[in-house]
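The sequence lines fix the lettering, A, B, ..., with proteins before strands; numbering per chain opens at 1. All values reported here derive from a predicted model rather than from experimental measurement.
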2 protein chains.
Amino acid sequence: MFSAVDVFEAVAEPNRRHLLGLLAERDRTAGELVDSLPTLTQPAVSRHLRVLREVGLVEVRPDGQRRIYALKPDGLQRIDDWITPYRRFWRDHLAALQQHLENR
Amino acid sequence: MFSAVDVFEAVAEPNRRHLLGLLAERDRTAGELVDSLPTLTQPAVSRHLRVLREVGLVEVRPDGQRRIYALKPDGLQRIDDWITPYRRFWRDHLAALQQHLENR
DNA sequence: GCTGAACATAACTAAAGGCGTATATAAGCG
DNA sequence: CGCTTATATACGCCTTTAGTTATGTTCAGC
C-alpha cells in the first residue's frame, strides 16, 4: 500500500547492488543468493529481493520449490535516463582538461 | 556513528535530485535554492546541500555573505560507471524486441 | 561597533529502514 | 500423511535520516 520504494532507493543499499551484480552474471535461485551474502541471514536477503522485485529490477520464476531470480533489463534504465542530461557535464570537464594539457 | 554517505544514498533523496536539477541549469545561491523548494525550510535545504557537498556532487564558493553552489562535474560519474556494465542488458533487450518485430 | 541578512549548525522528534529470531507457507520425498 | 527443504512473512529492536524550531556565525552597510 505505502512504502512505494523507487528505484533510486533500491540501489542505494550496498547489499542490493551486490545482488544485482550477481544476477548480472547469471540467473540464480534465492538460496544461491543467500549463500553469496554470508554476512546476512536468509530472511534479510529475501527482503532485499522483495524490494528489488517491487521496483522492477528483478523478476522471479518458480522452479519447484526454488525460486529463480533474474535481472530485469529495463529497470536500471530509469536511472540511466535520469543521469543522461548530466553526462555532458563531465564530458565537458574532461574535454577542458584535455584541452588544457594540449596547450601547455 | 560516522555518516560517510555515499553518492547513491545522496541521489536517493528526491529533494536532493531536485537540487541537482536546479544546479544543472545554472549556479545558484543557497537562498535561491531555498526559494525553489517551498515545501522545505531553510535549514532543511542547507542540510541537503551539505550532504551533496560531502559526497562531492556540488561545490560552494563564497560571494560576500552569499554562498554560490555549483554542480561538480565528475560526481555522478561514479553512478554512471556502476551502471555501465548493466547497460548492455536493456540494449540487448531492445535489440531482441526489434528483431522480433522485424520477423513477424 | 551595531543591526539585519544570509547561511550553517544544534537539539530534538518522528518515521523509516535494516537486522535477527521466530514462524508461516508450500513443494518434494519417503 | 508426516518430515525436510526452500523461501517468504511477522515482529520487535535499534540505528539512521529527514524534518522542525532555535541558535550561531559571518558579512555588509551605516
Task: Spacing of A/Glu9 atom CD relative to D/dT17 atom P, expressed in whole Å - done: 11 Å
- [ ] Using only heavy-atom distances, decide whether a donor-acceptor pair under 3.5 angstrom links the side-chain of B/Arg47 to the base of D/dG19.
- [x] yes
- [ ] For A/Asn15 and C/dG20, give me the distance from atom CG to atom P, rounded to whole Å.
- [x] 9 Å
- [ ] For A/Glu54 and D/dT9, give me the distance from atom CD to atom C1', rounded to whole Å.
- [x] 12 Å
TODO: Could you check whether B/Glu13 gets within reach of a base, just the sugar-phosphate, or nothing at all, counting any heavy atom under 4.0 Å?
DONE: sugar-phosphate
TODO: With heavy atoms under 4.0 Å as the rule, sort A/Pro43 into base, sugar-phosphate or nothing.
DONE: base
Task: Single hit among A/Leu49, A/Leu40, A/Val58 for side chain to side chain contact (heavy atoms under 4.5 Å, CB included) with A/Leu33 - done: A/Leu49
TODO: Check whether any side-chain N or O of B/Arg61 sits under 3.5 Å from a backbone N or O of B/Arg67 as a donor-acceptor pair, and report yes or no.
DONE: no
Task: Hydrophobic cluster identity match, B/Ile68 and B/Leu22, side-chain contacts under 4.5 Å - done: no
TODO: State whether A/His48 places a side-chain N or O below 4.0 Å from either non-bridging phosphate oxygen (OP1 or OP2) of C/dC19.
DONE: yes
Open item on the list: For A/Arg28, is there an ion pair with A/Asp35 - N to carboxylate O distance below 4.0 angstrom?
Closed with: no
Task: B/Tyr69 vs C/dA6: side-chain N/O to OP1/OP2 distance below 4.0 Å - done: no
Task: Under 3.5 Å donor-acceptor pair, A/Arg67 side-chain atoms to D/dA6 base atoms - done: no
Task: Sugar-phosphate only, base, or nothing, as touched by B/Arg50 at under 4.0 Å among non-hydrogen atoms - done: sugar-phosphate
Open item on the list: Over all strands shown, is A/Glu32 touching base, sugar-phosphate only, or nothing at heavy-atom distances under 4.0 angstrom?
Closed with: nothing
TODO: Send over the distance from B/Asp63 CG to C/dA6 C1', rounded to a whole Å.
DONE: 11 Å
Open item on the list: Using a heavy-atom cut-off of 4.0 Å across all strands, would you classify B/Gln42 as base, sugar-phosphate, or nothing?
Closed with: base
- [ ] Under 4.0 Å between any heavy atoms, over every strand shown, what does A/Leu49 touch: base, sugar-phosphate, or nothing? Just pick one.
- [x] nothing
